Amino acid sequence: MFDILRTQFWSLTLSGIALGFIYVLISMGYTMVYGVLRMINFANSEIFMVGAFASLLVGRDVFHYTMDTIPPTGAKLALVLTCSLIASMLTSSLVAFLVELIAYRNLRNRTSNRIAPLITAIGMSIVISETVRIITKARAIFAPRILEKQTLFVFHGADIRLDSMITIFAGLILFIALERFIKLSRLGKGIRAVSMDEDSAKLMGVNLNRVISLTFIIGGLMTGAAGFFYVNVYENVKYNMGFSLGLAAFTAAVIGGIGNIRGAFFGGISLGLLEIYASAVVGTQWKPVTVFVVLILILLLKPNGLFGEAVQKTRV
């Protein structure tokens, strides 16, 4: 049963890291919002799904690539990928901003009840998902192959593919850029101030609504990037795709200590590797079970996550 881990270890590891970076970027949407508001934005999974659709539509409807079209190369490939990434990130950030503006802002100003925003988040998730289901008639849509899945080189018998390497390196760059922004920029300091103490931040002149909207927008940008990478690696989208991936990304955030950016990074990579290894050993049909088992174990054994102590000191 475990022979496949020995014979295909490096290939499985590469796939696990690539999947892990998708989880990392999605979990940023949960982590950013929870770090500031102490609220789980369950609509983040649908924000990811909308970003994936936006990426697909750019390649299919703007650049007119089909399933039978020869993938672009060179400057044309860079242009298509850049436009798809920007479209995915901007669409997801816009949806995230609208969700905060329409669903959460007035609710936040009217009540301090923690249950109401949670129910609203679930409601927004259903609204977005059902809207896309009606538009697409609940059909899965296959993306045209924009990025050729060519092998760059072979490492210990594992094919190092271009799409996986782009996902890993671009995901790492986005994560580092976000962490540096939160730590060094003035807006990032405002986010950290609000996460520590809302009332004190307001007294110091921080615009609370602006910081919260910015938090949702940043989370949407990261989640949209995850949608772009998912389309390039797996090449299909569906209205309910956000449920399983969103649950896995939420689990990754919990593993690292939800509200902690570095925790989300290590949690995402760990869960991606664990899922791929478990799928190879016991079968892909057990992949969702793996996520639930990990989530339950973390909540039972270490509910604050790997970086739980940091969450007690600061939420972001």
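Remember, it's a predicted structure, so these values are computed and weren't measured experimentally.
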task = Please round to the nearest 0.5 Å and tell me the distance separating atom CG of Leu25 and atom CG of Leu221.
result = 11.0 Å

note = Interatomic distance, CD1@Ile47 vs CG@Leu98, rounded to 0.5 Å, equals 9.5 Å

message = Strictly below 4.0 Å, N to O, side chains only: are Asp159 and Arg161 in salt-bridge contact?
response = no

query = Is a donor on one side and an acceptor on the other found under 3.5 Å between the side chain of Arg192 and the backbone of Lys183?
reply = yes

request  = May I ask you to check whether over 12 heavy atoms, not counting those of Arg262, lie within 6.0 Å of atom CZ?
outcome  = no

request  = Test Val62 against Leu57 for side-chain contact (heavy atoms from CB on, under 4.5 Å), laying out the working first.
outcome  = CA-CA 7 Å; Val62 176; Leu57 292 175; over 6 Å; no

request  = Please check if the side chain of Ser84 supplies one atom and the backbone of Val80 the other of a donor-acceptor pair under 3.5 Å.
outcome  = yes

ask   = Do the side chain of Ser93 and the main chain of Leu90 share a donor and acceptor less than 3.5 angstrom apart?
value = yes

query = Checking side-chain contact (heavy atoms from CB on, under 4.5 Å) for the pair Phe63/Leu79: CA distance, chi angles, key distance, verdict?
reply = CA-CA 10 Å; Phe63 290 96; Leu79 175 64; 4.0 Å; yes

remark   = Minimal heavy-atom distance between Leu12 and Tyr277, with the atoms involved, is CB-CE2, 4.0 Å

inquiry  = Membership question, hydrophobic clusters at under 4.5 Å side-chain separation (ILVMFWY): are Ile217 and Ile86 in the same one?
reply    = no

message = Exactly one of Tyr30, Phe48, Phe292 should register a ring pair (Phe, Tyr, Trp, His ring centres under 6.0 Å) with Phe250. Which one does?
response = Tyr30

ask   = Closest approach of Ile276 and Ser15, non-hydrogen atoms and distance?
value = CG1-C, 4.0 Å

message = For residues Phe228 and Ile168: do they belong to one hydrophobic cluster (side chain heavy atoms under 4.5 Å, members Ile, Leu, Val, Met, Phe, Trp, Tyr)?
response = yes

task = Using modelled atom types only, decide if a donor and an acceptor are shared between the side chain of Thr223 and the backbone of Gly220 within a distance under 3.5 Å.
result = no

ask   = With distance as the sole criterion, is a donor-acceptor pair present between the side chains of Thr167 and Ser164 under 3.5 Å?
value = no

ask   = For Ser279, does its backbone N or O pair with a side-chain atom of Thr284 as donor and acceptor, under 3.5 Å?
value = no

ask   = Should Phe142 and Val58 be regarded as members of a common hydrophobic cluster, given that ILVMFWY residues are connected when their side-chain heavy atoms come within less than 4.5 Å of each other, either directly or indirectly?
value = no

inquiry  = Nearest 0.5 angstrom please: Ile40 CD1 to Thr31 OG1, how far?
reply    = 8.5 Å

task = Run the numbers on Ile191 and Leu187 for side-chain contact (heavy atoms from CB on, under 4.5 Å), then give the verdict.
result = CA-CA 6 Å; Ile191 291 175; Leu187 291 175; 5.6 Å; no

query = Within a reach of under 6.0 Å around CZ of Arg210, are more than 12 heavy atoms found that belong to other residues, nucleotides or ligands?
reply = no

message = If you compare all heavy atoms of Gly242 against all heavy atoms of Ser45, which two are closest, and at what distance to 0.1 Å?
response = O-CB, 3.0 Å

query = Taking the side chain from Ser27 and the backbone from Val24, do they hold a donor-acceptor pair closer than 3.5 Å?
reply = yes

request  = Could you tell me whether the side chain of Ser125 and the main chain of Ala121 form a donor-acceptor pair under 3.5 Å?
outcome  = no

request  = Would you check if Val281 and Trp286 make a side-chain contact, meaning some heavy-atom pair closer than 4.5 Å?
outcome  = no

message = Do Glu198 and Val206 have side chains that approach each other closer than 4.5 Å (heavy atoms only, starting at C-beta)?
response = no

inquiry  = Let me confirm one number: the OH-CG distance from Tyr34 to Asn260, rounded to the nearest 0.5 Å.
reply    = 12.0 Å

key: Verdict with supporting geometry, Thr251 and Leu271, side-chain contact (heavy atoms from CB on, under 4.5 Å)   = CA-CA 8 Å; Thr251 302; Leu271 185 63; 4.1 Å; yes

ask   = So, the side chain of Lys302 versus the backbone of Leu297: is there a donor-acceptor pair under 3.5 Å, distance only?
value = no

query = Taking everything shown except Phe169 itself, do over 12 heavy atoms lie less than 6.0 Å from its CZ?
reply = no

ask   = Under 30°, 30 to 60°, or over 60°: which ring-plane class applies to Phe155 and Trp10, parallel, tilted or perpendicular?
value = perpendicular

remark   = Between Ala248 and Glu275, the two heavy atoms sitting closest are CB-OE2, 3.8 Å

Minimum-distance pair of heavy atoms, taken over all atoms of Pro144 and Gly59 = CG-C, 4.3 Å

key: Short side-chain to backbone donor-acceptor contact, Ser55 and Gly51, under 3.5 Å   = no

inquiry  = With clusters defined by side-chain heavy atoms of hydrophobic residues (ILVMFWY) lying less than 4.5 Å apart, directly or transitively, does Leu174 cluster with Leu172?
reply    = yes

ask   = When you look at CD1 of Ile70, are more than 12 heavy atoms from neighbouring residues, nucleotides or ligands closer to it than 6.0 Å?
value = no

ask   = Is the backbone N or O of Thr66 less than 3.5 Å from a side-chain atom of Thr69, with the two atoms forming a donor-acceptor pair by type?
value = yes

task = Establish whether Phe243 and Leu118 are linked, either directly or via other cluster members, by ILVMFWY side-chain heavy-atom contacts under 4.5 Å.
result = no

request  = Look at atom NZ of Lys202 and say whether more than 12 heavy atoms of other residues, nucleotides or ligands are closer to it than 6.0 Å.
outcome  = no

request  = State, to 0.1 Å, how close Ala43 and Val99 come at their nearest heavy-atom pair, and which atoms those are.
outcome  = CB-CG1, 4.5 Å

query = How long is the span from the CD1 atom in Ile212 to the CE atom in Met32, to the nearest 0.5 Å?
reply = 12.0 Å

query = Of all residues at least two apart in sequence or in a different chain, which pass the side-chain contact (heavy atoms from CB on, under 4.5 Å) check with Gln285?
reply = none

